[in-house]
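Each remark here refers to the structure printed beneath this line.
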Number of protein chains: 2
Amino acid sequence: MFKLVALWSPPKPGDRAAFEAAYINTHAPLARALPNLAALDTILLAEGLEGAPADHHRVAIMSWADKAAFERDGETPQWTALRTDAGQMIERFGVTLHSSMGEDG
Amino acid sequence: MFKLVALWSPPKPGDRAAFEAAYINTHAPLARALPNLAALDTILLAEGLEGAPADHHRVAIMSWADKAAFERDGETPQWTALRTDAGQMIERFGVTLHSSMGEDG
């Protein structure tokens, strides 16, 4: 599988509920709308090890059968909509989003 | 599922092969040896979006049925062995490891 790992930094505490609503009700459904996506796994991070805080608020793992399937999705209006929404979330909530891609292994 | 997301920073290019050997031959098997672990998914990150470099070298997602199962593993000698090996890798390769935990959602 070819995977994209998306790491979201924590929103400010007062923005948390609005971030979660935007993520769950709008952003994740836009990801699931990609025609070639095989799976979307999302994790809500709450804590680090041994009492440390979590470094990120959320991680999403997007899976495609192979890199070609990801690249086909990258040419779709659904991809443009997802990226546009991510940009709006970054701007609205002052968070960072880091996305890295690679293969299982 | 309760999940731990482990993010490894990139080793120096000259250390990459040795890091990979240590990770695949020693570290990942130590993780799989945890008695209550339900799954270990590892991703070798190669690139970011739109030509950017990957922010991390590797991500591992460890899954347990629930937080209690993770906590039981945290009391085992296998957990101590895993954490000790992680510390040795961090020291040997000059990398960072950030671990955050939470639930699917």
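Proteins come first, then strands; the chains are lettered A, B, ... in the order of their sequence lines, and each starts at number 1.
Leu49(A) CG to His98(B) NE2: the interatomic distance, rounded to the nearest 0.5 Å, is 11.0 Å. Rounding to the nearest 0.5 Å gives a distance of 11.0 Å between CG of Leu45(B) and CD of Glu103(A).
Connection of Trp79(A) to Met101(A) is established within a shared hydrophobic cluster, with ILVMFWY side chains joined at heavy-atom distances below 4.5 Å, either directly or through further cluster members. When the side chains of ILVMFWY residues are joined at heavy-atom separations under 4.5 Å, either directly or via intervening members, Phe93(B) and Leu97(B) end up in a single hydrophobic cluster. In the hydrophobic cluster analysis, where Ile, Leu, Val, Met, Phe, Trp and Tyr join through side-chain heavy atoms closer than 4.5 angstrom, Trp64(A) is grouped together with Leu82(A).
When Ala46(B), Ser100(B), Gly102(B) are compared by the number of non-hydrogen pairs under 4.5 Å with chain A, Ser100(B) comes out ahead. Comparing Asp41(B), Leu7(B), Leu4(B), Ile43(B) by how many heavy-atom pairs each has under 4.5 Å with chain A, the most go to Ile43(B). Between chain B and the residues Asp55(A), Val59(A), Ile61(A), Val5(A), the most heavy-atom pairs under 4.5 angstrom are made by Asp55(A).
Annotation: salt bridge (Lys or Arg N to Asp or Glu O under 4.0 Å) contacts of Glu91(A) (sequence neighbours excluded): none. With sequence neighbours excluded, the residues that form a salt bridge (Lys or Arg N to Asp or Glu O under 4.0 Å) with Arg83(B) are Glu50(A).
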